[in-house]
Amino acid sequence: MQNLLEIKDLKIKTLRNKEEVMLLDKVNLNIAPGQCLGIVGESGCGKSITANSLLKLLPYPLSVSSGNAMFKSPSLGMVDLLNLEENAMRGIRGKEIAMIFQEPMTSLDPIFTIERQMKEALEFHHPHMPENEKHERCVEVLKQVNIPRIEQTLASYPHQLSGGQLQRIMIAIALINTPALLIADEPTTALDVTIQAQILELMNNLKHEQNASVMFITHDLGVIAETSEQVAVFYSGHIVEEASAEELFYRPAHPYTEGLIRSISSLNEKGNQLYSIPGNVPPGGELKSYCRFYDRCKYAEDSCKRGLPMLVEVAPKHYCRCFRHSMEVEV
Amino acid sequence: MSEYLLTVKNLKTYFPIKEGLVKRTVGYVKAVEDVSFSVKQKQVYAIVGESGCGKSTAGKSIVRLIEPTAGEVIFDGKNLSSLSDEEIRLKRRDMQFIFQNPYSSLNPRMNVYQLLSEPLKTHFNLTENEMQLQILEMIDKIGITEDQLWRYPHQFSGGQKQRISIARALITKPRFVIADEPVSALDVSIQAQVLNLLINLQKEMELAMVFISHDLNVVRFISSEVAVMYLGSIMESGSTDEIYQKPLHPYSKALLDAVPNIDPLKKKRRSSLKGEVPNPANPPSGCPFSPRCSRADDICRKEKPTLSFYKGRNIACHNPLE
């Protein structure tokens, strides 16, 4: 396997009123070493739970119902993340796969200094590392993420720092054990555009310098275009389109992707109306048995209701789930 | 009557920082330092800036939801700062406010009918019948059906909620409305729907609007004039098209450069802005942007530039871009 991570047929379910409800349906994803995979979709489409399931971070009552995720672990060799024992997972989480969360203000503990929280990640995986080495490592990663006045920052508490600084510290903590895979779940959504630009630049540099793979989750297509080589578009619990960034932006195949791109580019044209996809984002857990975009699709025909379209290759390495491209029905 | 419906002159809003047992004022957060602009009838005027630049405080100070420290707001020929509380309450029929987050701006214990009748009860003496007619007319415009009138906010999606709060602001038929980040809490595909609705209503009701946003794409689409704010002051203001095509202030340029481009082949790495917005309680001397500006020289660090007319727009800069 040349990929760093291969997710196969991942399904996630939850319990609602004692009944099982599917949230995520047969997701297949691959990440190659040094590659940035962008996952784009709106709230409730299942992009964050996909990432959380890889690290066994799904909150109760969510659980993985089937599928596997083969990860080429530097220490353990090939492992299936979804069926890994909690003990083994601890060796991977934060060390080989690290995660950056959306809200830097709430993901750091307000009562500990930055230094203490950074060292925690180190101590857990290197219990015998001498104190001065730990300090040096903290300084080193903070330099990487362009934090000014490092010693002063290390001694501060989260409330004394700005959102942009905290997000850089979150990235530093994620990098402190040089992970092979970095999962970034909406890392810039809470930040302003100028700070966002700094963070994106930083992440692009890290990818090149450390050859780390990145899974970049966002709802912002502009951010995807700037960071990712490969893009998967999620809609209502499954992937509706996957292609290289160039292919996806220049030749979108799925009506939903087309709509998303058009609604952004129509902002740049002075017109009377903004293009908008009609209808609402379907709530999580209501997965239809026919094309899930049917209600909002401008090309929809009655025959689209005959079943769930299959994800098929419509151009080399370009996959799409739409009856306009293939009549195949998913079983 | 002047051509401007609203004129804001040297608006300042300071928040005192209090310390100690007796709550002595030890300093001020200068949230709005010096803001002046004018809005014509039926015009959409945008205020754009990063979080913490004072754009929301400016908006709230204009309609006196926050009491401004100094400055004049002239609305329809009347100076709002000289009005008593009762008089300003009556004026609010003509100037309404749309809040950012529909999840927290709608009372969860009121159904749509109650939410929409409340402003009518406050400002007009209507019979129940007249009120019903107005409410039905309004919900028709925002795409809420009659049987949804008795539902409560939690039964609606985010986009629907924001449409209800737009209806609540516009039901008194104001002539002027301030929209404070009306779509930033919504999903991307829903944002366009709500913006379209807002723009259609603005045209139909011939509203003047101040649109506050941090989203530069949305601002470009919606407004004819824009003011770029930084640390409480306007850096550049003028025609939206001109500023977007050729920003003259280094800050406007940096802000526009930071917007992600959706063209993956143009992964140009621009000279991104270093550092962060300074603390408004302790602003830098001289030009507020000088510590982050690549064109800053001695005069920028000493003297604060005033907003003045330059090449067809207003700009506060000692070294504007060519």
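Each chain gets a letter, A, B and so on, in the order its sequence line appears, and its residues count up from 1. Basis for what follows: all heavy atoms, side chains included, without hydrogens, waters or symmetry-related copies.
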Novice: For A/K317, is the NZ atom crowded, meaning more than 12 foreign heavy atoms sit under 6.0 Å from it?
Specialist: no

Novice: Per the salt bridge (charged side-chain N to carboxylate O under 4.0 Å, His left out) rule, what does the pair list look like for residues 151-172 of chain A, sequence neighbours excluded?
Specialist: A/R168-B/E276

Novice: Backbone N or O of A/S276 within a donor-acceptor pair of the B/Q193 side chain at under 3.5 Å?
Specialist: no

Novice: Once rounded to the nearest 0.5 Å, what's the spacing between atom CG of B/L195 and atom CG of A/L274?
Specialist: 5.5 Å

Novice: Closest approach of A/D192 and B/H214, non-hydrogen atoms and distance?
Specialist: OD1-CB, 4.5 Å

Novice: I need the minimum non-hydrogen distance between A/T194 and B/A258, along with the two atoms involved.
Specialist: CA-CB, 3.8 Å

Novice: Would you name the heavy atoms of A/Q196 and B/P260 that are closest together and state the gap between them?
Specialist: NE2-CG, 3.1 Å

Novice: Other residues, nucleotides and ligands only: do more than 12 of their heavy atoms fall within 6.0 Å of NZ on A/K288?
Specialist: yes

Novice: Can you name the residues of residues 98-106 of chain B that have some heavy atom under 4.5 Å away from a heavy atom in chain A?
Specialist: none

Novice: Is atom NZ of B/K141 surrounded by more than 12 heavy atoms (other residues, nucleotides or ligands) closer than 6.0 Å?
Specialist: yes

Novice: What part of A/P148 is in contact with chain B, defined as an atom under 4.5 angstrom from a non-hydrogen atom: side chain, backbone, both or neither?
Specialist: neither

Novice: Output every pair passing salt bridge (charged side-chain N to carboxylate O under 4.0 Å, His left out) with a member in residues 212-224 of chain A, not counting sequence neighbours, ordered by first then second residue.
Specialist: none

Novice: Measure distances from A/L248 to the heavy atoms of chain B and classify the residue's part below 4.5 Å as side chain, backbone, both or neither.
Specialist: neither

Novice: Checking heavy atoms, do the side chain of A/Y275, its backbone, both or neither come under 4.5 Å from chain B?
Specialist: backbone

Novice: Which answer fits B/S51, side chain, backbone, both or neither, if we ask what part of it has an atom under 4.5 Å from a heavy atom of chain A?
Specialist: both

Novice: Can you establish whether the number of heavy atoms outside A/Q160 located under 6.0 Å from its atom CD is more than 12?
Specialist: yes

Novice: Which atoms form the tightest heavy-atom contact between B/I190 and A/E42, and what is the distance?
Specialist: N-OE2, 4.4 Å

Novice: Step through the shown structure and confirm whether more than 12 heavy atoms of other residues, nucleotides or ligands are within 6.0 Å of CD on B/Q155.
Specialist: yes

Novice: Could you work out, with side-chain contact (heavy atoms from CB on, under 4.5 Å) as the rule, every residue matching A/L24, not counting sequence neighbours?
Specialist: A/L10, A/I12, A/V27, A/I49, A/T50, A/F234

